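For reference, the structure discussed in these notes is given below.
Note that the structure is predicted; figures quoted are calculated from it, not measured. Below, read A as the first sequence line, B as the second, and so on, with proteins coming before strands; counting in each chain starts at 1. Heavy atoms only: backbone and side chains are in, while hydrogens, waters and symmetry mates are out.
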Amino acid sequence: MKVRTRFAPSPTGFMHVGNLRTALYAWLWARKNRGVFMLRIEDTDQARFVEGAEEVVYKTLRTAGLNWDEGPDIGGDYGPYVKSERKDMYLPYAKQLVESGHAYYCFCTKEALDERRAKVEAEGGTFKYDKHCLNMPKEEIERRLAAGEPYVIRQNVPTEGKADFDDAIFGHIEVDCSELDDMILIKADGMPTYNFANVIDDHTMGITHVLRGMEYLSSTPKYNLLYEAFGWEKPTYVHLTTIMRDATHKLSKRDGDATFEDLVNAGYLPEAIINYLALVGWSPGDEREFFTLSELKDAFSLEGLSKSPAIFDHLKLRWMNAEYIRRMDGKAYFEKAKPWLIKAGVGEIAEKPENEEIFTRILQPRTEIFSDIAPNVDFLAKLDEDYDTELFTNKKSKTDAEVSKNVLSEVIPLLESLREWNETAIHDALIGFAAEKGMKNGTLLWPVRIAMSGRTVTPGGAIEIAALLGRDETMRRLRLGLDRLVRQTAGVL
RNA sequence: GGCCUCGUGGUCAAGCGGUCAAGACACCGCCCUUUCACGGCGGUAACAGGAGUUCGAUUCUCCUCGAGGUCACCA
């Protein structure tokens, strides 16, 4: 039979990474088996309706590279693909169950039930519906129905025996029927409850493999009873472990955990996110860590799925993203980095063709996520002229205020006399000068870099920075540095 | 609280009766070096605890402990 998997998000306006991973695994399994991956939007919760939320789902999946074969936007043979458009499909199925004795009408009001539940729970017990309406005479049911009394339809769970199912990851799961409550299938407003609708949808849409979160594991035996009542073939269940923020909390938007969109906006590459996500809760069984979507498709297997929850490790994601960036072609890197350079205020410098290669060379190995760029290069746009002159003192480079003052006063005329202003010319002048004076390169270059950047840590060294800054700005900053050192020595500062 | 599930270094994770218990991230050290990175080399670090079964348990069983999930006319 052809494999059919689905991703059925409820459109909340964002996609957190746990959801995305579920979609990824469902996609992978479908693709690996040359099956069908379909999208179904669970939009029945009007209370949580968010404008444009469906678009977020589409956009996220597209950005992540997970294409679907059937869905609300492209149709298919098993539509409609939006839950709200399927709302009339469920009642007949529920009635069929009533006919066969697997379900029954219940006229108990929510208020009365809530009251009883509250009482039982107050005493520390677990409330369970007592099947009060199960044995209501047919005539009474007819009469009350005809009178237009509100009703729900409940599943008639056997009072004894076991309910069970087999999970592809967790194996055989079994529970006593006596533990199970007679769940409502159809609500008083005529709408199905989520789980009932899911059973009907998954069956009528021909789903063969249900990949979903762990939270459904314990209720699955109960819904399997429904499949048996209908005489339908059960899908293969694959319950996925939860992605945690730490040992005791799961990842959640509410608690400020990043969504897929947040990560992309922060400068993570979608391919890196997907690659990392695939490895949280799944292992290829060998030592490979880097996968394209296509490679993942080939390597993916249900056996590699983990049974225990995994903590989302931002640090490892960051590392993986950095690795993806380092492996980029330099040209491609610069294209990606450019908007971030512009945002950092160095657009003008980045515009100059001769600077593209310099930026790429100094930034690419230092970019773990693209948002790292701005704080790294903003000093090029504007020098913080109040930097601490203590920065000129560096033990390893053998510099202090006095040495720096002397270096700057010699370097200024030297650079000023350069005919050409480019990396080679600056390099030769500076390194040549150090050699001539028998100075450590560091002793000469440290003060120059400090004066140009006002920072002890910079991407690239003095030569690259001077080239990027250009002659005028370099000279201005060097003179400023010298001036500050002179005034300090004179006791003015 | 009842029920279900899980439990290998700080994190991800291999292992599926016999291993000196992989690998990656993180961390630490050294090298490279024009600062910081990158890169190279090396290092610290784990089978939750207790009973069984077995010639032999990380691996099988049970208990304890810990963690998560679930018990709605929400999805």
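Look at the C1' atom in both B:C32 and B:G40: the space between them is 8 Å, to the nearest Å. Rounded to whole Å, the separation between the P atoms of B:G9 and B:G49 comes to 10 Å. Nucleotides B:U44 and B:C28, compared at atom P, are 16 Å apart to the nearest Å. To the nearest whole angstrom, the two C1' atoms, one in B:G10 and one in B:A45, are 9 Å apart.
Residue order along RNA chain B, read from the 5' end via each residue's closest nucleotide, puts A:Ile169 first among A:Ile169 and A:Ala310. Of the two residues near RNA chain B, A:Thr458 and A:Leu315, the one whose nearest nucleotide lies more 5' is A:Leu315.
Protein atom NZ of A:Lys83 is 13 Å distant from nucleotide atom P of B:C74, rounded to whole Å. B:A24 atom C1' lies 11 Å from atom CG of A:Asp313, rounded to whole Å. A straight line from NE2 of A:His132 to C1' of B:C73 spans 18 Å, rounded to a whole angstrom. Atom pair A:Glu289:CD and B:A14:C1' shows a separation of 12 Å (rounding to whole Å applied). A:Tyr151 has its OH atom 16 Å from the P atom of B:C73, to the nearest Å. Between the CG atom of A:Asp189 and the P atom of B:C73 there is a distance of 12 Å, given to the nearest Å. Counting to the nearest Å, the C1' atom of B:A75 and the CD1 atom of A:Ile184 are 15 Å from each other. One interatomic measurement links the two molecules: CD of A:Glu287 to C1' of B:C25, which rounds to 14 Å at whole-angstrom precision.
Only A:Pro365, A:Arg366, listed by number, bring a heavy atom of residues 358-371 of chain A to less than 4.0 angstrom from any atom of RNA chain B.
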So which protein N/O to nucleotides 59-68 of chain B N/O distances come out below 3.5 Å?
unit_1 : atom_1 : unit_2   : atom_2 : d
B:A67  : O2'    : A:Ala247 : O      : 3.3
B:G68  : OP1    : A:Thr248 : O      : 3.1

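The base of B:A26 is not paired with the side chain of A:Lys316 by any donor and acceptor separated by under 3.5 Å. Taking only distance into account, the side chain of A:Ser308 never meets the base of B:G7 through a donor-acceptor pair shorter than 3.5 Å.
Residues A:Tyr333 and A:Trp340 keep their aromatic ring centres 6.0 Å or farther apart. A centroid separation of 6.0 Å or more is found between the aromatic rings of A:His203 and A:Tyr93. Taking the ring centroids of A:Tyr324 and A:Tyr268, they lie at or beyond the 6.0 Å cut-off.
No engagement by A:Gly125 is indicated, since no non-hydrogen atom pair under 4.0 Å with the nucleic acid exists. When heavy atoms are screened at a 4.0 angstrom cut-off, A:Arg455 is found touching no nucleic acid atom at all. At a threshold of 4.0 angstrom between heavy atoms, the contacts of A:Lys110 include nucleobase atoms, whether or not backbone atoms are also involved.
Remark: A:Arg117 pairs with A:Asp114, A:Glu121, A:Phe127 by the side chain to side chain contact (heavy atoms under 4.5 Å, CB included) rule, at least two apart or across chains.
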A:Phe312 vs A:His16, ring-ring contact (aromatic ring centres under 6.0 Å, His included): CA-CA, chis, key distance, verdict | CA-CA 12 Å; A:Phe312 188 89; A:His16 63 81; over 10 Å; no

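Under the Watson-Crick and G-U wobble criteria, each requiring two contacts below 3.5 Å, nucleotide B:C62 is paired to B:G50. Pairing of B:G29, defined by two Watson-Crick or G-U wobble distances under 3.5 Å, is identified with B:C41.
A salt bridge links A:Glu423 to A:Arg361: one of the charged nitrogens lies within less than 4.0 Å of a carboxylate oxygen.
At least one donor-acceptor pair under 3.5 Å links the side chain of A:Gln155 to the backbone N or O of A:Lys222.
Side-chain contact annotation: A:Ser397 with A:Arg449, donor-acceptor N/O pair under 3.5 Å absent. In summary, the side chains of A:His102 and A:Asn156 do not present any donor paired with an acceptor at a separation below 3.5 Å, with no hydrogens or angles considered. In this model, no donor atom of one side chain and acceptor atom of the other lie less than 3.5 Å apart for A:Tyr276 and A:Asp313.
For the pair A:Arg288 and B:G23, the criterion of a side-chain N or O lying under 4.0 Å from OP1 or OP2 is not met. Regarding contacts with the backbone of B:U5, every side-chain N or O of A:Ser218 stays at 4.0 angstrom or more from both OP1 and OP2.
Contact check for A:Lys131 versus A:Tyr104: side-chain heavy atoms found under the 4.5 Å cut-off.
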